[in-house]
2 protein chains.
Amino acid sequence: MHSILSFLNPDLPEDKILLEDFNSKIQFKSFQKGRLLYRPGSRCNHLYFVQKGLVRASYFKKGKDVSCHFTKEGQVCTAIDAFFQRTPTQYQLEFLEDSDLVEISYSDLHELFERYPKFNNYGRELMIQEYGILVERLNHLQFYTAKERYAFFMEEHRDLFQRVSLGHIASYLGISQETLSRIRNNQ
Amino acid sequence: MHSILSFLNPDLPEDKILLEDFNSKIQFKSFQKGRLLYRPGSRCNHLYFVQKGLVRASYFKKGKDVSCHFTKEGQVCTAIDAFFQRTPTQYQLEFLEDSDLVEISYSDLHELFERYPKFNNYGRELMIQEYGILVERLNHLQFYTAKERYAFFMEEHRDLFQRVSLGHIASYLGISQETLSRIRNNQ
DNA sequence: TTCATTTTTTGATAATTGTCAAAAGTAATT
DNA sequence: AATTACTTTTGACAATTATCAAAAAATGAA
């Protein structure tokens, strides 16, 4: 079962129906490292669930490539705001590793929303979750030093430090690459 | 009609029904300057529409009072994440002016969600809107100097500068009060 | 008006972090 | 193994902004 559906109980008949319906709508896709899922300006017509691999969302700001999101196994991947607003995304989504995704289209997802009351709030919950992550990032950026932010990141995403380059993590944390390098070594 | 319902067309019979249903569920409330709507730890069981007045959301961080939101006429007011997650809020909501609000309860709102397909996506859209605001704040905090952030704020919320104290705006922008004072005068 | 409280301003200083430039290290390809 | 490209580290320096302390200004109440 996909992480998105963890709130279901496959023993309940009505949940089983939902599950079957869901399974009839999804597609499995694989992408190679380095490939792009979206470029800035793309329409985001699908929601993805990462089964294996790693995706980086980024954008250009003041001539620099800035990371704003990493999505790994078990997480939902898309340009969340653009997906729900039906607008072009400003981000680039790029595979940092060979990845396997489950794909569902916006319209199919909406069909599920309408068909299953239990599923209906999923979209909002997804937004709330992402909102919470943003609140925390803002909080870190506003109140903690670069050193502290690095420490938080390591606590929560130690595994990513092995899989993502220093520069990408630095821009995600709002720190220059040089400073992050110093922080990592000095201590 | 309330700003929340601006997507409705009162000439359509089905929208008229929604509107009447909505009106039967709301309450009008007035609060005096200085009163609190929520304290940290409060349950947020209502959504408010500010008709007149100004509300400030804040929290304590490192011994300081930090503003994170101002809500004025025409805007929706609550601790948005706590409201939808049904968890206690971490914020304090305080009236900076005598204010008139329209109140609707979480359960009534949900009834409307379920009863009117057209209304159903409202909750998600609210979250998307707030998400967009946060993305922008994060962006400003990460890439612009205090001076630039002040300029942005003045462009978008010139009116608030008259109505909110310098210290409150400083903490909202992630700037010390002294620095904001200097920025405002130096130029 | 006067006193008390709150808010804003000013000055001096220190700390954090970014920037630029170059070197060192690592990985990938021929 | 050698070349090339990319990533990380190091050094020197400058700029932005916070902090602390105190003065000035504004607000509100008696």
Side-chain angles (χ1 to χ4, degrees), chain A residues 32-36 54 56 58 60-67 70 92 94-98 137-154 158 160-187, chain B residues 32-36 54 56 58 60-67 70 92 94-98 137-154 158 160-187:
Chain A
Q32 287 198 308
K33 174 175 174 175
R35 286 271 319 270
L36 300 183
L54 186 56
R56 181 178 80 100
S58 62
F60 265 83
K61 185 83 190 179
K62 300 189 168 180
K64 281 180 188 163
D65 169 286
V66 178
S67 302
F70 301 101
Q92 176 174 88
E94 168 203 5
F95 294 97
L96 295 184
E97 302 173 356
D98 292 348
R137 278 191 70 194
L138 192 81
N139 187 38
H140 283 186
L141 206 53
Q142 188 164 2
F143 298 108
Y144 297 98
T145 64
K147 200 171 201 162
E148 289 169 323
R149 277 178 271 154
Y150 164 80
F152 284 129
F153 187 90
M154 285 304 274
R158 178 168 290 279
L160 286 187
F161 227 94
Q162 259 67 36
R163 299 161 75 184
V164 181
S165 82
L166 187 76
H168 288 159
I169 290 171
S171 72
Y172 176 78
L173 294 174
I175 306 172
S176 75
Q177 193 186 143
E178 295 92 329
T179 298
L180 187 55
S181 169
R182 276 183 259 258
I183 286 171
R184 177 210 251 173
N185 296 324
N186 279 17
Q187 54 179 7
Chain B
Q32 286 198 312
K33 175 175 172 171
R35 286 271 318 272
L36 299 184
L54 186 56
R56 182 178 80 101
S58 63
F60 265 83
K61 185 83 190 178
K62 300 188 169 182
K64 281 181 188 162
D65 167 289
V66 178
S67 303
F70 302 101
Q92 176 175 88
E94 168 203 5
F95 294 97
L96 296 184
E97 302 172 358
D98 293 348
R137 278 191 70 195
L138 192 81
N139 188 36
H140 283 186
L141 205 55
Q142 187 165 3
F143 298 109
Y144 296 98
T145 63
K147 199 172 203 165
E148 289 169 323
R149 277 178 272 153
Y150 164 80
F152 283 129
F153 187 90
M154 286 304 274
R158 177 168 292 279
L160 287 186
F161 226 95
Q162 261 67 37
R163 301 160 73 183
V164 181
S165 81
L166 187 77
H168 288 159
I169 289 171
S171 71
Y172 175 78
L173 293 175
I175 306 173
S176 75
Q177 193 185 144
E178 295 92 329
T179 298
L180 187 56
S181 169
R182 276 183 258 259
I183 286 172
R184 176 210 249 174
N185 296 325
N186 279 15
Q187 52 180 9

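Computed from a prediction, not measured in an experiment: that's the story for all the values here. The analysis underlying the following values was restricted to heavy atoms, covering all of them including side chains, and did not include hydrogens, waters or symmetry mates. Below, chains carry the letters A, B, ... as their sequence lines are ordered, and counting in each starts from 1.
The OG atom of A/Ser67 sits 8.5 Å away from atom CD of A/Glu94, with the distance rounded to the nearest 0.5 Å. Taking CZ of A/Phe60 as the reference point, atom CD of A/Gln92 lies at 7.5 Å (rounded to 0.5 Å). With rounding to the nearest 0.5 Å, the separation of OH in B/Tyr172 from NE2 in B/His168 is 14.0 Å. In this structure, the separation between CG on A/Leu96 and NZ on A/Lys33 is 8.0 Å, given to the nearest 0.5 Å. A distance of 10.0 Å separates CD in A/Glu178 from CG in A/Leu180, rounded to the nearest 0.5 Å. In this structure, the separation between CZ on A/Phe70 and CG on A/Leu54 is 7.5 Å, given to the nearest 0.5 Å.
With C/dT9, C/dT17, D/dT10 as the choices, the nucleotide that has an atom nearest any side-chain atom of B/Ser181 turns out to be C/dT9. When the nucleotides C/dT8, C/dT17, D/dT7 are ranked by their closest atom to the side chain of A/Arg149, C/dT17 comes out on top.
Taking the six-membered ring for Trp and thresholds of 30 and 60 degrees, A/Tyr150 and A/Phe161 have ring planes more than 60 degrees apart, a perpendicular arrangement.
In terms of phosphate contacts, A/Lys64 brings no side-chain nitrogen or oxygen within less than 4.0 Å of OP1 or OP2 of C/dG18. Remark: A/Thr179 is in phosphate contact with C/dG18, judged by side-chain N or O atoms under 4.0 Å from OP1 or OP2. One finds no side-chain N or O of B/Arg182 lying less than 4.0 angstrom from the OP1 or OP2 phosphate oxygen of D/dT16.
Atom P of nucleotide D/dT16 and atom CD of A/Gln142 are separated by 20 Å, given to the nearest angstrom. One atom, CG of A/Asp65, and another, P of D/dC6, lie 13 Å apart when rounded to the nearest Å. The separation between A/Leu180 atom CG and C/dT19 atom P is 14 Å, rounded to whole Å. Note: CG (A/Asn185) to P (D/dT7) measures 18 Å, nearest angstrom. Atom CG of B/Leu96 is separated from atom P of C/dT6 by 16 Å (rounded to the nearest Å). Rounding to whole angstrom units, CD1 of residue A/Ile183 and P of C/dA15 are separated by 17 Å. The distance from atom NZ of A/Lys33 to atom P of C/dA27 is 11 Å, rounded to the nearest whole Å. One can place OH of B/Tyr150 at 12 Å from P of C/dT8, the figure rounded to the nearest angstrom.
For NZ of B/Lys61, the number of neighbouring non-hydrogen atoms (other residues, nucleotides, ligands) closer than 6.0 Å is greater than 12.
Toward the 5′ end of DNA chain D lies the nearest nucleotide of A/Glu178, the other residue of the pair A/Glu178 and B/Thr145 mapping further downstream.
At least one cation-pi condition fails for A/Lys147 and A/Phe152: the charged atom is not both under 6.0 angstrom from the six-membered ring centre and inside a 45 degree cone around its axis.
Summary of helix geometry: the two end axes of the helix from C/dT1-D/dA30 to C/dT30-D/dA1, each defined by five base pairs via their C1' atoms, are inclined to each other by 40° (rounded to 10°).
Taking a cutoff of 4.0 Å between a charged side-chain nitrogen and a carboxylate oxygen, A/Arg56 and A/Asp65 qualify as a salt bridge.
Taking a 4.0 Å limit (strictly below) on heavy-atom distances, residues 164-176 of chain B reaches DNA chain C at B/Ser165, B/Leu166, B/Gly167.
Residue contacts shown for A/Lys62 are absent, as no nucleic acid heavy atom lies under 4.0 Å away.
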